[in-house]
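Note that ligands are numbered from 1 as they come in the structure, with each ligand's atoms numbered from 1 the same way. Computed from a prediction, not measured in an experiment: that's the story for all the values here.
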Amino acid sequence: MASVNILSTRGLTKIYGGLAANEDVDFDLQRGKVTALIGPNGAGKSTFVGMVSGRIRATRGTVVFEDQDISALPAHERIRLGIAYTFQITSIYAGLSLYENVAIAARRRLGSSGRAVRSKVEAVLDQVGLRDRAEQIAGDLSYGHQRVLEIAMGLAQDPELFILDEPTQGLAETEVDDFVSLIKALAGETTILLIEHNMDVVMRTADHIHVLDMGRSLASGTPEEVRANAAVQAAYLGSAVDA
Ligand SMILES: Nc1ncnc2c1ncn2[C@@H]1O[C@H](COP(=O)(O)OP(=O)(O)OP(=O)(O)O)[C@@H](O)[C@H]1O
């Protein structure tokens, strides 16, 4: 039987010069849930997901995914195992159509089989509500739709684990609502690790929250538990988590 945790880190540490961007982070990600990773600016969230996705090499510690130690694997091998990661900065191909963008992502997992890629692209564009725009050039889309396209590109790789790095950053309020609905619709289908500054989005979507502060784990629990945690409130100076 598959274990409850799809991903676990133990003692995960990244030292830059004299600075510990992450220090001894123990983290468990429950399968099929939405887990938010939060923390004040500079807490180490990007460094942590960089080490999980393989973009950043850990100084020490382990990353276990689906019971396999992947600590030494390069990023492309982790993608092949089912870890998808949307970058904070839009990573779409602006000169290509939506269809082509999603097809490029689908081929990473499915190879060059035309039929399989085509049906995957169509299914994913349907799922995120962009099917009507398949032939549009990605660079002509609104910023909000470009972010949704990024999600589609992640989904096209059939991720076991989908890491969403600040997906609502720069979105208008109505677009944020659409995003919340999309994340909720994806929950259960895949496991989501959400890095998000917008506490309202976190509280509306997350089953579980893990808090980093100054590179270390500060708290971990349900949204209610984390919201009530005095150390978390102090780290945020009582502001953001009250949202
Ligand atoms: N390549 C690097 N070289 C040196 N220091 C770095 C590097 N990347 C990150 N840091 C430092 O590590 C710490 C954690 O940064 P990180 O970007 O992981 O935090 P974060 O929680 O993602 O921040 P934010 O919420 O502002 O995106 C910060 O003090 C940052 O300045």
Side-chain angles (χ1 to χ4, degrees), residues 7-29 34-63 65 70-75 78 83-91 143-144 146-147 150-151 154 161-171 175-176 179-180 183 191-206 208-221 223 226-227 229 231-243:
L7 179 111
S8 296
T9 70
R10 290 294 176 266
L12 204 58
T13 299
K14 180 68 188 180
I15 313 280
Y16 287 115
L19 176 108
N22 270 207
E23 193 169 4
D24 292 325
V25 178
D26 293 347
F27 173 89
D28 292 311
L29 187 62
V34 179
T35 297
L37 181 65
I38 68 168
N41 287 334
K45 305 177 293 293
S46 298
T47 304
F48 179 79
V49 293
M51 290 191 286
V52 167
S53 64
R55 232 170 13 90
I56 296 174
R57 197 170 182 80
T59 305
R60 61 171 189 272
T62 55
V63 182
F65 178 67
I70 61 165
S71 314
L73 292 186
R78 300 189 197 197
I83 300 179
Y85 174 40
T86 64
F87 291 91
Q88 224 159 338
I89 297 155
T90 299
S91 52
Y143 181 73
Q146 290 190 8
R147 301 307 306 255
E150 265 192 301
I151 302 275
L161 164 58
F162 199 1
I163 303 173
L164 302 176
D165 199 346
E166 305 207 9
T168 69
Q169 196 182 39
L171 296 189
E175 293 173 326
V176 170
F179 237 97
V180 166
I183 291 168
T191 304
I192 294 177
L193 176 57
L194 176 69
I195 293 83
E196 180 59 64
H197 276 115
N198 183 328
M199 215 47 67
D200 179 50
V201 172
V202 169
M203 292 299 170
R204 284 161 71 191
T205 56
H208 194 90
I209 300 176
H210 192 101
V211 189
L212 286 181
D213 185 34
M214 295 192 289
R216 290 181 156 272
S217 292
L218 185 66
S220 188
V226 165
R227 205 202 301 249
N229 184 299
V232 176
Q233 287 175 357
Y236 277 94
L237 297 173
S239 57
V241 283
D242 290 342

Results of side-chain contact (heavy atoms from CB on, under 4.5 Å) for A231 - residues two or more places apart only
L218, N229
Side chains of Y85 and R55: do they bring a donor and an acceptor to under 3.5 Å?
yes
Could you verify whether a donor N or O on one side chain and an acceptor N or O on the other, from H197 and N41, lie under 3.5 Å apart?
yes
Does some non-hydrogen atom of G42 fall short of 4.0 Å from ligand 1?
yes
For ligand 1, which atoms have a heavy atom of [X] less than 4.0 angstrom away?
{"X": "T47", "value": "15 (O), 16 (P), 18 (O)"}
{"X": "L19", "value": "11 (C), 12 (O), 13 (C), 29 (O)"}
{"X": "H197", "value": "25 (O)"}

Measure the CG-OG1 distance between L12 and T62 for me, rounded to the nearest 0.5 Å.
7.5 Å
CD1 of I195 to CG of D165, rounded to nearest 0.5 Å, is 5.0 Å
If you compare K45, M214, K14 by their heavy atoms, the one closest to atom 25 (O) of ligand 1 turns out to be K45
Who are the ring pair (Phe, Tyr, Trp, His ring centres under 6.0 Å) partners of F48, not counting sequence neighbours?
F27
Does A43, backbone or side chain, put an N or O under 3.5 Å from an N or O of ligand 1?
yes
Could you tell me whether G44 and ligand 1 have an N or O pair separated by under 3.5 Å?
yes
